Amino acid sequence: MRSTPHKALGAGALTVAAVVALVLPGTPAAARPAAAPPATAPAACTPAQIVGNGGFESGTSPWSTSSATVITSRSGQTAHGGSSYAWLDGVGSTHTDTLSQSITIPAGCDTATLTFWLHIDTAETTSSTAYDKLTAKIGSATLATYSNLDKNTGYVKKSIDVSAYAGRTVTLSFTGTEDSSLQTSFVLDDIALDTSGGTTPPPGDTTRTPAAPSYTVNLSSDSSGTEWTGHESATFTNASATALNEVYLRLWDNYHGSCDAMPIRVTGVTGGTAEAPTVDCTALKVDLPAPLAQGQSATIGFDLGISVPSGADRFGHDGAYSFIGNALPVLAIRDSAGWHLDPYTNNGESFYSLAADFKVTLDHPSGLLVPATGTATDTPGTSGRTVTTATASKVRDFAWAAGPFTKISGTSSAGVAVNVYSVAGISSSSAQSMLATAETAVDAHAGRFGAYPYGELDAVLDDNYWFGGMEYPGFVLDVVSSTALTHEIGHQWWYGIVGDDEYNSPWLDEAFTDYATDLALGKTGANCWNSVSWASSAEKITNSMAYWDAHSSRYSTVVYGYGKCALHDLRRVLGDTAMAKVLKDYATAHWYGVSTTAEFKAAAQAATSTDLTSFWTQHHIDG
């Protein structure tokens, strides 16, 4: 997500719209390129324990530690087994100790459980304040946090499901921090990660599943529109030759709270058995009652509670106005890489999902307007309430807002209904200007990439957003900015219609949308590649959000700016007519599907007799 200060890199050619890119993948069979024949049997899984030297009896390797005293057998603490253990902190002053190891969780195993024995003793006397903490992580995702409040007289065994990381090489880490006084010792021993099971598809099975998801949601709000409760069900089909033993729900907005106080609460699961949420409580594994074979369908249901936190965010409320993006649980994707359970990123987007059908019924006070994804109708409810029913087909997510907005409406020249909802403080002239921008932009993008398929288009304006804008299917959040709004509407194609794995390939929606924005605004990108300067050889336009979260100051510069300039350069190599045809044909071929860098490079190469190998290398486009 791009913050407002990053909206522009300067007045020159590398202007970057300050918008947020939210992509969502999905590929119907008719639009998907021919895949390799699916395998007929799941990959074998040999049960194994994959943590090296988990009892610390073989020296320090392969562990990395913050100091030589972390792995020890010195007096003061005792081992759970053997003679050695890991002792973090226990200093009694401001201090941090770390313990970490790189591990690879086999792709063929669908169950992976981290266990360790933990002893905590402390000189802290409080019964309410966590002064000293131990954090367990895999990669950047927090698995669990313990503190002086969890003190015990002996070792306690901890067990955490980490099967979400099957097929990945990640760092397992423990970090202990103490404040300025009164020691707390975090003592670890006998760390293990056991793997078993096996329904991860073999490498030849590229099928994305669960496929054809359909969501039915019924929610009712409190008087302010910040609390919603009700029920959701998800129906899906296994498109893969490899059976589904489980599915995962992404509870993305739990990033905005904590595992102890989750803004998104799923209870009463039917059609499967829910495990404890993982990946900072943004991933909920639901074990199915029986393996779901290829072509078979299933439905899971659950009660849902949503608490919208304070803040002008894509999930938050600005006073009386609530913005509710990524709040509905959606199904994660499994493909040849396994389950895609990447962490939430506040710097961009992680919301990789397949195109789905939604029917969402929102019961709310009549004083609140509720713009939403899809086509909405209002009917009278009870006791001064209104029921808004929104239906949307082939969308990757569903978002809505609630508040006493001012609404104006119009219709684009091509017949698209456009609504602008403004919070208090947005002038009528600004709203009218943004309405005109939206009408022009939706037609401009449709003329280049294909007709807008989502019925109406809602834009919700608030100049207090910390970001420039955020896109959802048929629904965008924006500050008053014609460039930002043109960009967000461009995402209706490059993320909404042509999906991608936006955590691992963010350039496929951000760079393409910024390029489309330039075209819509009449900008040619002349000489913009001349301003490119790479921070390192590792910096690529095609890097994942894991890289950009670690190099956040370069994200908008490279992905938005250099990315769109690379596409302008490609247009100059192919010619204007050929480039326009490549993008139009590419959108058609991936309509409601999922795009990859390799597929786009192949489409571009097919449009010219010039070998583009050096072009991709020069522009740092890998894949």
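All residue numbers in this chain count up from 1 along the given sequence. A quick note: this is a predicted structure, and the numbers were derived from the prediction, not measured.
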* Structure fact -> The residue among Y352, Y165, Y248 that forms ring pair (Phe, Tyr, Trp, His ring centres under 6.0 Å) with W339 is Y248
Any donor-acceptor N/O pair, [X] side chain to [Y] backbone, under 3.5 Å:
X    : Y    : answer
S505 : L508 : no
T610 : L612 : no
Q101 : P62  : no
T142 : A144 : no
H620 : E539 : yes
T237 : S297 : no
T608 : Q605 : no
Q492 : I489 : no
Q49  : V51  : yes
D458 : P371 : no

* Asked: Should W507 and F512 be marked as a ring pair (Phe, Tyr, Trp, His ring centres under 6.0 Å) after you check the CA-CA gap, both sets of side-chain angles, and the distance that decides it?
  -> CA-CA 7 Å; W507 90 288; F512 281 60; 5.2 Å; yes
* Asked: Which is it for N326 and Y255 under the side-chain hydrogen bond (donor to acceptor under 3.5 Å, both in side chains) test, yes or no, and what are the steps along the way?
  -> CA-CA 11 Å; N326 307 112; Y255 168 87; over 6 Å; no
* Structure fact -> Between Y454 and the options V395, T375, T373, V416, the side chain to side chain contact (heavy atoms under 4.5 Å, CB included) test singles out V395
Kindly compute the distance separating [atom1] ([X]) from [atom2] ([Y]), expressed to the nearest 0.5 Å.
X    : Y    : atom1 : atom2 : result
L574 : D569 : CG    : CG    : 11.0 Å
D509 : D514 : CG    : CG    : 10.5 Å
S140 : D549 : OG    : CG    : 7.0 Å
T486 : H445 : OG1   : NE2   : 6.0 Å
T278 : I160 : OG1   : CD1   : 10.0 Å
L583 : L570 : CG    : CG    : 8.0 Å

Looking only at heavy atoms, which two atoms of [X] and [Y] are closest? And how far apart?
X    : Y    : value
I264 : N254 : N-OD1, 2.9 Å
I333 : R208 : CG2-CB, 4.0 Å
S350 : P343 : OG-O, 2.7 Å
N543 : W548 : O-NE1, 3.1 Å
E246 : K285 : CG-CE, 3.7 Å
V498 : S595 : CG1-CB, 3.7 Å

* Mind running side chain to side chain contact (heavy atoms under 4.5 Å, CB included) on L477 and R314 for me, showing each step along the way? => CA-CA 8 Å; L477 306 174; R314 53 188 174 187; 4.2 Å; yes
* **NZ (K359) with more than 12 external heavy atoms under 6.0 Å** =>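 Incorrect, the count does not exceed 12.
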Side chains of [X] and [Y]: is there a donor and an acceptor less than 3.5 Å apart?
X    : Y    : value
T113 : D161 : no
T613 : D611 : yes
H568 : R571 : yes
T104 : T169 : yes
T206 : D335 : no
S173 : S100 : no

* Pair L354-V594, side chain to side chain contact (heavy atoms under 4.5 Å, CB included): steps then yes or no -> CA-CA 8 Å; L354 296 180; V594 177; 4.1 Å; yes
In the structure I gave you, are the side-chain heavy atoms of [X] and [Y] within less than 4.5 Å of one another anywhere?
X    : Y    : result
N245 : L288 : no
D622 : W616 : no
K564 : T513 : no
V330 : D397 : yes
T115 : I191 : no
R448 : W493 : no
T216 : E232 : no
F302 : L284 : no

Is the ring centre of [X] less than 6.0 Å from the ring centre of [Y]?
X    : Y    : answer
Y586 : F449 : no
F351 : Y344 : yes
H619 : F615 : yes
W228 : W400 : yes

* Could you go through the side chain to side chain contact (heavy atoms under 4.5 Å, CB included) check for T270 and I300 one step at a time? => CA-CA 6 Å; T270 60; I300 59 172; 6.0 Å; no
* To do: Could you please spell out the steps behind the ring pair (Phe, Tyr, Trp, His ring centres under 6.0 Å) verdict for H551 and Y547?
  => CA-CA 6 Å; H551 303 83; Y547 178 90; 4.0 Å; yes
* Let me see the working for F600 and V582 under side chain to side chain contact (heavy atoms under 4.5 Å, CB included), right down to the final yes or no. => CA-CA 9 Å; F600 176 72; V582 165; 4.2 Å; yes
* Asked: Is it true that D342 and R168 make a salt bridge, defined as a side-chain N closer than 4.0 Å to a carboxylate O?
  -> yes
* To do: Answer yes or no: is there an ion pair linking D357 with K394, defined by an N-O contact shorter than 4.0 Å?
  => no
* Any chance you could lay out the side-chain hydrogen bond (donor to acceptor under 3.5 Å, both in side chains) test for T235 and T299, step after step, and finish with the verdict? => CA-CA 4 Å; T235 299; T299 299; 2.8 Å; yes
* **Ring geometry between H256 and F315 (parallel below 30°, tilted from 30 to 60°, perpendicular above 60°)** =>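 The arrangement is tilted - the two ring planes meet at 30° to 60°.
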